[in-house]
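Comments concern the structure below.
Numbers restart at 1 for each chain; the letters A, B, ... are given by sequence-line order, proteins then strands. Both backbone and side-chain heavy atoms feed into the values below; hydrogens, waters and symmetry mates do not.
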Number of protein chains: 2
Amino acid sequence: MDNRAFKDQIYEQFGRLGKSLASPKRLEMLDVLCQGPRTVESLAVATSQTLANASQHLKVLRTARLVEAEKQGLHVTYRLAGTEVCDFFLAFRHLAESRLAEIERITRLFLDGKNVLEAVDQATLLKRVRSGEALVLDVRPEQEYRNGHIPGALSVPLAELEQRLAELPRDRQVVAYCRGPYCVMAVEAVEILRRHGHKAARLEIGVPDWRALGLPLESQP
Amino acid sequence: MDNRAFKDQIYEQFGRLGKSLASPKRLEMLDVLCQGPRTVESLAVATSQTLANASQHLKVLRTARLVEAEKQGLHVTYRLAGTEVCDFFLAFRHLAESRLAEIERITRLFLDGKNVLEAVDQATLLKRVRSGEALVLDVRPEQEYRNGHIPGALSVPLAELEQRLAELPRDRQVVAYCRGPYCVMAVEAVEILRRHGHKAARLEIGVPDWRALGLPLESQP
DNA sequence: CAAGTAATCAATCATTAGTTTAAATACTTG
DNA sequence: CAAGTATTTAAACTAATGATTGATTACTTG
């Protein structure tokens, strides 16, 4: 094997990894999988695509060894192949945010149409929670909450929020969070809360970012 | 803009970054650019492709804001758009190495055909240099050496090595390094040195990895 | 074991990406 | 300003990718 052949083979392997990151839908699926394992169907729904399509994309991710599949009865559960994959995804997202100004533009455009105001950062959140000024609200599906959440957070999935408003205080600020900066559940939660006269704000980051910051998480079996 | 439209636009942007990492040649170019700025032609030669091709790939990388171009007279010099890009590339490479067993297989297969033996790691290198057991040899082109090198390293570009063997000690081990684990210059240097009766070993990592480990570098204007 | 469900596979089509070659552009220098 | 060099662009072709649809497989449960 000569030098060129060696390099070509090596970079072709790197290219395999790169190619698996070259599709918006696959990246979205990785983002969702950072919250924990999911079945094919639930991934397909979460990312608005057909089952067959989701399955094909998962096959690509599996070939690149980014995800692993486990068959449990009728369902196949996919999970990230390791915590490095989630860390890498966050690094990837971070690089994209730092290089592509369009991302900020699109986000701003989207938020401008919402009654959300600016987000709270994790330092402010921690301070307000400690002083009792704020309550943390996890609006993701309950399964994801059980898989790991911000300590002390209350779980009220977005779908149930409107019915369960009575459980939430009106004298304290409610800080909602969800999967991450591009998951819109917290944005919707804040809109609902504000509409009903609650003081509400949004935490921009999600659980994977929280973990990557080295902050502690709570989880329930 | 509804939620789906927002997500689609956001992940499409992430996809732009992913797509730019989806070609082996582009990844190789990024690897080379981690050593410092280069002209189009020199990149084309380093990665064994035509000028037109190199230019097109650079255009893709520039669109993704991973590299920047500066025209100096007749030449266009490309450089990474920031140190985050080099850090990210190393993280990318690291993930690929950890997930894709093929990479190790190909590397082993390649090295088996060479008279190189195992590599020295940076801790061993530092120890041997301090104790005077070893001399560090930078076999990259001189420009890259000037741009930043391991402290105390001697610069002897691979192309000149055979003529300059007299400058190297025979009583101490010579540890050669180059651009990184998939740059073969250090491997070739060790072969030449061994063939001429020198004690020689290879440092597996390159300057970008050395920097990422937080170890100091020396550079010359 | 038949019916039903979750997931994968296979075939097709439209789109996109990469390579090659040739031509065009931008700049320097005699 | 003509000649030469570095780079980019354009056109043509081939290969690869992603979405869609329908068929198939693997498993559970009545």
For the side chain of B:Q35 and the backbone of B:R179, is there at least one donor-acceptor N/O pair under 3.5 Å apart?
-> yes
Are any of the side-chain heavy atoms of A:S98 and A:L95 separated by less than 4.5 Å?
-> yes
Hits for side-chain hydrogen bond (donor to acceptor under 3.5 Å, both in side chains) against B:R99, two or more places apart or cross-chain, chain-then-number order -> A:E84
Contacts to DNA chain C from residues 10-25 of chain A, heavy-atom cutoff under 4.0 Å, which residues?
-> none
Residue list, side-chain hydrogen bond (donor to acceptor under 3.5 Å, both in side chains) with A:T63, at least two apart or on another chain = none
How close or far is atom P of D:dT7 from atom NE2 of B:H75, stated in whole angstroms?
-> 6 Å
Could you note down all residue pairs passing salt bridge (charged side-chain N to carboxylate O under 4.0 Å, His left out) where residues 30-41 of chain B supplies at least one of them, sequence neighbours left out?
-> B:R38-B:E144
Under-4.0 Å side-chain N/O to phosphate OP1/OP2 contact, B:R26 with C:dA17 | no
For residues 54-95 of chain A, the ring-ring contact (aromatic ring centres under 6.0 Å, His included) pairs (sequence neighbours left out) are A:F88-B:F88
Only counting residues at least two apart or in another chain, list the ones meeting side-chain hydrogen bond (donor to acceptor under 3.5 Å, both in side chains) with A:D8.
-> A:R4
Would you sort out whether B:V67 and B:L30 count as a side chain to side chain contact (heavy atoms under 4.5 Å, CB included), showing the intermediate values?
-> CA-CA 8 Å; B:V67 305; B:L30 284 177; 4.1 Å; yes
What's the CG-P distance between B:D8 and D:dG18, to the nearest Å?
-> 15 Å
Looking only at side-chain N and O atoms, does B:Y78 come under 4.0 Å of OP1 or OP2 in D:dA6?
-> no
Rounded to the Å, how far apart are B:L43 CG and D:dA6 P?
-> 14 Å
For residues 61-71 of chain A, which residue pairs qualify under salt bridge (charged side-chain N to carboxylate O under 4.0 Å, His left out), counting only residues two or more places apart or in two chains?
-> A:R65-B:E102, A:E70-A:R79
B:L135 versus B:V175: any side-chain heavy-atom pair under 4.5 Å?
-> no
Which residues satisfy the side-chain hydrogen bond (donor to acceptor under 3.5 Å, both in side chains) test with A:E204, sequence neighbours excluded?
-> none
Please collect all ring-ring contact (aromatic ring centres under 6.0 Å, His included) contacts where either partner lies in residues 10-29 of chain A, sequence neighbours excluded, each pair once.
-> A:Y11-A:F14, A:F14-B:Y182
Among residues 44-61 of chain A, which residues get a heavy atom nearer than 4.0 Å to DNA chain C?
-> A:L51, A:A52, A:S55, A:Q56, A:K59
How close or far is atom C1' of D:dT7 from atom CZ of B:R38, stated in whole angstroms?
-> 17 Å
Go through the steps to decide whether A:E191 and A:R195 satisfy the test salt bridge (Lys or Arg N to Asp or Glu O under 4.0 Å), and finish with yes or no.
-> CA-CA 6 Å; A:E191 284 201 301; A:R195 208 185 307 132; 5.2 Å; no
Nucleotide D:dT7, atom P - distance to CE of B:M29 in whole Å | 11 Å
Can you pull out how bent the helix from C:dC1-D:dG30 to C:dG30-D:dC1 is, comparing the axes over its first five and last five pairs, to 10°?
-> 20°
B/S/- contact track for nucleotides 23-30 of chain C, protein heavy atom under 4.0 Å | ---SBS--
